[in-house]
Amino acid sequence: MVAQTIPVDPFDLVILGGTGDLARRKILPGLFRRMCAGQLPPEARIIGASRSGLSTDEFREFVRKAIGEFVKDSRCESEGVERFLSLLEYEQLDIFADDGWKRLKKHLRKDVISAFYFSVGPGLFGEIARKLTKHKLTNDNSRIVVEKPFGRDLSSAEALNKELTSCFEEHQIYRIDHYLGKETVQNLMAIRFGNALFEPLWNAQHVDHVQITVAEDLGVDGRGAYYNKSGAMRDMVQNHLMQLLCLTAMEPPAKYGADAVRDEKLKIIRALEPVPPSDYVRGQYSGEGAGDSYLDHAQDPDSRTESYIAMRVNIANWRWAGTPFYLRTGKRLRARMSEIAVVFKDPPHSIFEGDFNRKGNALIIRLQPDEGITLRVTIKDPGPGGMRLTEVPLDMTFSEALGDQFAFLPDAYERLIMDVIRGNQTLFMRGDEVEAAWRWVDPIIKGWQESGKQPLPYDPSSSGPDDALMLLHRDGRRWREIKS
Ligand code: BG6
């Protein structure tokens with residue numbers, strides 16, 4: 001059974017960069033799916049704005065194509081497309097000139113929520129914020145939505161926060177990390193705080209270590225210019241992996257509310273120890289000869305940018321002291337696989353004789369694909385031959401367990417945009433959180449820049465550089481296999 005959807009309040013949503021790639025692939029198709037699910041009220045209005053000189057009809061054609069290309073949802077019927085297109089308006093806008101803003105203002109209603117999605121390069125965020133206030137397009141009930149990257153280091157993130165908060169209150173600023181919109185990422189909180197079973201064991205006394213993996217099989221194809229200035233640390237660790245780490249490690253918030261959750265995440269980021277060079281491994285995929293190589297895409301033959309990073313992270317607090325968190329992420333790896341594995345310690349004493357080569361209990365939360373959870377438990381190896389033990393997975397795949405309800409779930413962007421309209425900031429990053437993350441990341445990046453070291457080469461479709469295996473081997477542990 002598909003859960004009932006409650007429509008949000010009427011709104012005007014302005015998409016700045018309305019003809020850009022993110023709008024075409026994610027934002028507009030996502031809004032269409034929300035309409036099909038009954039979540040958009042008939043009074044919703046979506047206003048595309050960009051430099052392109054399109055008429056409203058041409059913008060609607062652009063959106064019709066985007067829906068054709070990116071929406072594969074059996075609930076969305078063709079008359080729904082017409083209904084959705086009728087909600088759309090368009091305005092040509094040169095961000096630096098005043099006249100477009102004056103015209104854009106005429107599209108906005110006074111008595112509904114207004115939201116402005118900055119779907120443009122971060123270099124334009126400050127100017128847009130200033131223009132919105134200068135031309136009085138916003139009021140106390142307006143929200144702005146900004147995409148990552150939020151700065152490229154602490155000082156640029158601080159400067160950006162300053163620019164935005166000089167025009168808007170923190171409660172009006174929605175900084176997107178789309179990982180927080182993923183169903184399974186939120187499930188992490190449900191699993192931890194909705195069950196009495198796990199929380200008593202969720203600490204250094206019982207957890208041996210945690211592995212957080214976000215592996216991608218795709219390379220940087222087509223995004224080389226952006227990615228080469230960023231690398232895996234800025235592109236993935238500073239935001240997505242950090243969020244996964246926080247949700248896994250944080251203390252239970254007093255309630256599921258925006259500031260309660262974000263306060264707890266912030267405490268974790270502030271408790272992260274510095275990471276010395278001996279505790280991380282950087283890699284760059286390199287298919288010699290005919291194979292795919294990072295350098296083919298980097299637009300810089302000498303690039304030292306990492307397309308892979310693995311690191312050992314310590315959290316200096318009472319709950320986690322002595323239990324390392326191993327993080328790894330990379331492009332062009334063997335498979336697309338994201339998961340969090342909480343590996344528990346062995347029982348304190350074995351009553352069974354012999355070496356059973358046990359791996360210990362583990363709770364594996366699969367974020368994508370094949371979302372679900374697995375609890376690895378030890379049982380008796382069936383049959384005669386004495387008391388031998390073996391491991392079996394207690395497995396649950398959400399798509400099987402939840403059927404249609406799971407198939408029609410909103411994707412990360414859809415959910416987050418609806419949260420913006422609802423005014424719920426729980427799944428968005430607060431300014432102090434982003435700055436704290438950069439404060440931890442900056443010295444690590446500075447360390448390797450000063451060392452001048454090249455990232456280690458790894459084969460495309462592998463698990464990353466061999467040295468990353470050593471990071472765990474030397475601690476007597478093993479990475480879980482990257483497989484589809
Ligand atoms: C983005 C990164 O934020 O996340 C990309 O910039 C990465 O490099 C992407 O591929 C991964 O997102 P997902 O949802 O496909 O896991």
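For ligands, and for the atoms within them, numbers begin at 1 and follow the listed sequence. All values below come from the heavy atoms of this structure, side chains included, with hydrogens, waters and symmetry mates left out. Predicted, not measured: the structure shown is a model, and the values here were computed from it.
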key: R175 and N239: side chain donor to acceptor below 3.5 Å   = no
ask   = Are S462 and Y285 linked by a side-chain donor-acceptor pair shorter than 3.5 Å?
value = no
When you measure from [atom] to every protein heavy atom, which one gives the shortest distance, and what is it?
atom: atom 14 (O) of ligand 1; result: K182 NZ, 2.5 Å
atom: atom 6 (O) of ligand 1; result: D235 OD1, 2.6 Å
atom: atom 16 (O) of ligand 1; result: Y179 OH, 2.5 Å
atom: atom 12 (O) of ligand 1; result: H178 NE2, 3.2 Å

ask   = Quick one: does Y227 get within less than 4.0 Å of ligand 1, heavy atoms only?
value = no
key: Aromatic Y179 / basic K182 pairing, under 6.0 angstrom, 45° off normal   = yes
Give the atom numbers and elements of ligand 1 that come within less than 4.0 Å of a heavy atom of [X].
X: Q368; value: 13 (P), 16 (O)
X: K148; value: 1 (C), 2 (C), 3 (O), 6 (O)
X: K331; value: 5 (C), 7 (C), 8 (O), 10 (O)

ask   = Out of R223, E216, H240, whose heavy atom is nearest to atom 5 (C) of ligand 1?
value =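 Nearest option to atom 5 (C) of ligand 1, by heavy atoms: R223.
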message = Whether the side chain of R282 engages the backbone of R304 through a donor-acceptor N/O pair (distance < 3.5 Å, no angle test) should be reported.
response = yes
Carboxylate-amine/guanidinium contact [X] [Y], below 4.0 Å:
X: E216; Y: R334; answer: no
X: E435; Y: R430; answer: no
X: D459; Y: R332; answer: no

task = Have a look at ligand 1 and work out which part of R336, if any, has a heavy atom under 4.0 Å from it: side chain, backbone, both or neither.
result =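 For R336, the contact with ligand 1 is made by the side chain alone.
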